[in-house]
Amino acid sequence: MLPTVSKGRTPSQVRSNPTLPQYLRRIVKWQQMDIEYTFWQMLHLCTSPKVVYQHTKYHKQTKNQWARDDPAFIVVCSLLLTVSTLAYCAAYDHSTTHAFFVIISVLLIHFLLTGVVVATCCWFLTNNYLREEAPNSHVVEQRVEWLYAFDVHCNSFFPMFVMLYVIHYFLSPLLIAHGFIPVLLSNLLFMMSVSYYHYLSFLGYDVLPFLERTTFFLYPVGIVIILSPILILSGFNPSRYFMNMYFGQR
């Protein structure tokens, strides 16, 4: 969380929110991670995402912060992402060195670096343009925590991971084939995963009572829906594109 001090907030309240270094130090402490709750969240993000964000409200009430103080979700998601990428490398790659490069690039760029950039942009946008104005100076000013913005990205990323890394893996022999059906199915799969990512992002920010106009986060869904038919009619196959980019599949 990037530290911000709000009006009317006491020093003890500021110290109660964990800093990023404290959060990172907990990554190596497996015994302090709630793995069972993490898998519960992952399941419900795919089936009932509103339930997960209802629990986020409870977390705010009990710990006075919106962001998770447990890095288990990031750790488990990173491990699952590594395993799925290994499966792709085992099926489509024949070089150990290149496979290592693919795993590192997927983990660091696709998940973590992209998450940092997206979280920072959303953190800046929500705090500067989407916050409701306080009715008077006696109300404590609330701001979106940077770690919470990163949590929203991680929550939104997991169902996309299930669709584009797990389901896509088993369907890949069909999706990378030539013809209209592979093009159609590949575009539909990517459209659903990207749209669901942005829908979960909307839910994550909509749950914050001090934000307004959070439907802004749904606008990319409309763009995806408009672009998908164009890509399908043009014959563009996203599965073939990405498989070719990483594994040289023709």
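Just so you know, these numbers come straight off a predicted model, no measurement behind them.
- Side-chain atoms of T114 never come within 3.5 Å of backbone atoms of F111 as a donor-acceptor pair (strictly under, hydrogens ignored).
- Partners of L184 by side chain to side chain contact (heavy atoms under 4.5 Å, CB included), not counting sequence neighbours, listed by chain and number: F180, L188, I232.
- A continuous path of Ile, Leu, Val, Met, Phe, Trp and Tyr side chains, each step under 4.5 Å between heavy atoms, connects Y241 with F190, placing both in one hydrophobic cluster.
- Panel note: side chain D70, backbone D34; a donor-acceptor pair is recorded below 3.5 Å.
- No side-chain donor-acceptor contact under 3.5 Å links E212 to the backbone of L130.
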task = Check the pair L45 / F73 against side-chain contact (heavy atoms from CB on, under 4.5 Å), numbers first and verdict last.
result = CA-CA 12 Å; L45 283 169; F73 194 97; 3.7 Å; yes
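- Using modelled atom types and a 3.5 Å distance limit, the side chains of S239 and H168 yield a donor-acceptor pair.
- Counting all heavy atoms, side chain and backbone alike, Y53 lies closest to V207 at O-CG2, 3.6 Å.
- Side-chain contact check for S228 and N187: no donor-acceptor pair (N or O, by modelled atom type) lies under 3.5 Å.
- In the hydrophobic cluster analysis, where Ile, Leu, Val, Met, Phe, Trp and Tyr join through side-chain heavy atoms closer than 4.5 angstrom, I223 is grouped apart from F217.
- Residues F170 and L164 are members of one and the same hydrophobic cluster, defined by side-chain heavy-atom contacts under 4.5 angstrom among Ile, Leu, Val, Met, Phe, Trp and Tyr.
- A donor-acceptor distance shorter than 3.5 angstrom exists from the side chain of Y88 to the backbone of Y169, with no hydrogens or angles considered.
- The closest side-chain heavy-atom distance from F39 to V76 is below 4.5 Å.
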